[in-house]
Amino acid sequence: MSLRKFIVAIDGPAASGKSAVSETLAVRLGFLHVNSGAIYRCATLLAIRNDLLDLQFKKNLDRMREILKETKITMGPLGTSPIKNENVNRPSTAIFLNGENVTDQISKIEITKNVRFLAKIPEIRAASIEKQRELVQSKNLFETRADSKVDGVIVEGRDIGTAVFPNADIKFFIEAEAKARAKRRFDELVARGLNVDINGDPVDYEQILEDILQRDQEDLTRTHSPLRKAKDAIVIDTSNLSLDQVVGKVESSILKRLAELEED
Ligand SMILES: Nc1ncnc2c1ncn2[C@@H]1O[C@H](COP(=O)(O)OP(=O)(O)OP(=O)(O)O)[C@@H](O)[C@H]1O
Ligand SMILES: Nc1ccn([C@@H]2O[C@H](COP(=O)(O)O)[C@@H](O)[C@H]2O)c(=O)n1
């Protein structure tokens, strides 16, 4: 008998902690993890590799759509157990493009700087949403819990609770002050050895903060699926909370919702 899908939507601005919370809870609860930002990042990597970044030309946009259709994006552990990324010190979800592990490549500053140009194009958003829906239906590559009563999926991004899965079973909006987010992202990039630009020059905290503010602005003001809090989202400001505290809050709300469903 197939289990009921249980969708957890986690939205919020850049570097607010969506992935850290999603990855930790996906492992703990045995839920599938779909990182929608990684799909926009993969699209950007594909555009750069195919010299198609200039998507205002219809020819380029059509080709990009074809490439996205042909490309298989998967997310999951590297081996049989979730990878422990020693530089991040928690389990992390690996991202594969036609089987190639691009997890670090898509975190590079070159991708981060260009992703906004693609994320605002309706055709690219439609292709990305199609991939997100496919991934939600795909096999969970993480270890599921034998006692689980649901087929759980955590989907994270900017518009999951508002546009992609407006009927999600539970929604969170995770936010933090821009300076706290920039500091965390800067420390993470240093730890992963990814704090360099395309020329190999080091990137400092101020540049990361500027990028985060610019991405906030773009995400909030784009016409299609801007970043918004869903009316029924549980809002968590993580500025003064540890990752463990945030994970604890999200987990207890999910467990409460699951218990309510069992009672129904
Ligand atoms: N509450 C917290 N306290 C300290 N560090 C945190 C906290 N939450 C997340 N972090 C760290 O901050 C960094 C950014 O978090 P994360 O990658 O989860 O953000 P995100 O919202 O998924 O970002 P993006 O949207 O840009 O992908 C990571 O290194 C993560 O481990
Ligand atoms: N649902 C989403 C998710 C992401 N984006 C855009 O992609 C960029 C990269 O996302 P990260 O979560 O990896 O930072 C982000 O800056 C957004 O512009 C989106 O539009 N919708």
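Ligands are counted one by one from 1 in listed order, and the atoms in each one are counted from 1 as well.
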Which is it for [X] and ligand 1 at heavy atoms under 4.0 Å: side chain, backbone, both or neither?
{"X": "S22", "value": "neither"}
{"X": "V246", "value": "side chain"}
{"X": "K183", "value": "neither"}
{"X": "I174", "value": "neither"}

Item checked: Shortest protein contact, atom 10 (O) of ligand 2 (heavy atom only) ->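 Answer, as residue, atom name and distance: G37 CA, 3.4 Å.
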Nearest option to [atom], as decided by whichever heavy atom of [options] sits closest:
{"atom": "atom 8 (C) of ligand 2", "options": "D159, I124, V115", "result": "V115"}
{"atom": "atom 18 (O) of ligand 1", "options": "S239, A20, S92, A176", "result": "A20"}
{"atom": "atom 22 (O) of ligand 1", "options": "A191, S242, A182, S19", "result": "S19"}
{"atom": "atom 12 (O) of ligand 2", "options": "R125, K18, R158, K113", "result": "R158"}

Next item on the list: Check D187, L189, N195, T112 against I208 for a side-chain contact (heavy atoms from CB on, under 4.5 Å) and give me the one that passes.
Entry: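 In the set D187, L189, N195, T112, the residue that makes a side-chain contact (heavy atoms from CB on, under 4.5 Å) with I208 is L189.
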For the 3.5 Å polar cut-off, considering only N or O atoms, please tell me whether [X] and ligand 2 meet it.
{"X": "R116", "result": "no"}
{"X": "D219", "result": "yes"}
{"X": "N35", "result": "no"}

Check: Where does R41 meet ligand 2, judged by heavy-atom distances below 4.0 Å: at the side chain, the backbone, both, or neither?
Finding: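 Under 4.0 Å from ligand 2, R41 contributes side-chain atoms alone.
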For the pair [X] and [Y], find out whether any cationic side-chain nitrogen is under 4.0 Å from an anionic carboxylate oxygen.
{"X": "D104", "Y": "K108", "value": "no"}
{"X": "E66", "Y": "R63", "value": "yes"}
{"X": "D159", "Y": "R125", "value": "yes"}

Notebook entry, point to check: For ligand 1, which atoms, with element, lie under 4.0 Å from some heavy atom of A15?
Noted result: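 Those qualifying, in numeric order: 19 (O), 20 (P), 21 (O), 23 (O), 24 (P), 25 (O), 26 (O).
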Notebook entry, point to check: Which of the atoms of ligand 1 are close to R215, meaning less than 4.0 Å from one of its heavy atoms?
Noted result: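 This gives 26 (O) as the contact atoms.
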Notebook entry, point to check: Would a 4.5 Å heavy-atom cut-off, applied to side chains only, mark S138 and L32 as touching?
Noted result: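 Answer yes - side chains close enough.
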Item checked: Min side-chain heavy-atom separation E260-R257 under 4.5 Å ->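 Result yes, sub-4.5 Å side-chain heavy-atom pair found.
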Next item on the list: Establish, from distance only, whether the side-chain atoms of S239 and D237 form a donor-acceptor pair under 3.5 Å.
Entry: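 Per modelled atom types, S239 and D237 side chains form a pair under 3.5 Å.
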Check: Has R185 got its NZ or CZ under 6.0 Å from the middle of the six-membered ring of Y205, at an angle within 45 degrees of the ring axis?
Finding: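 No, R185 and Y205 do not form such a contact.
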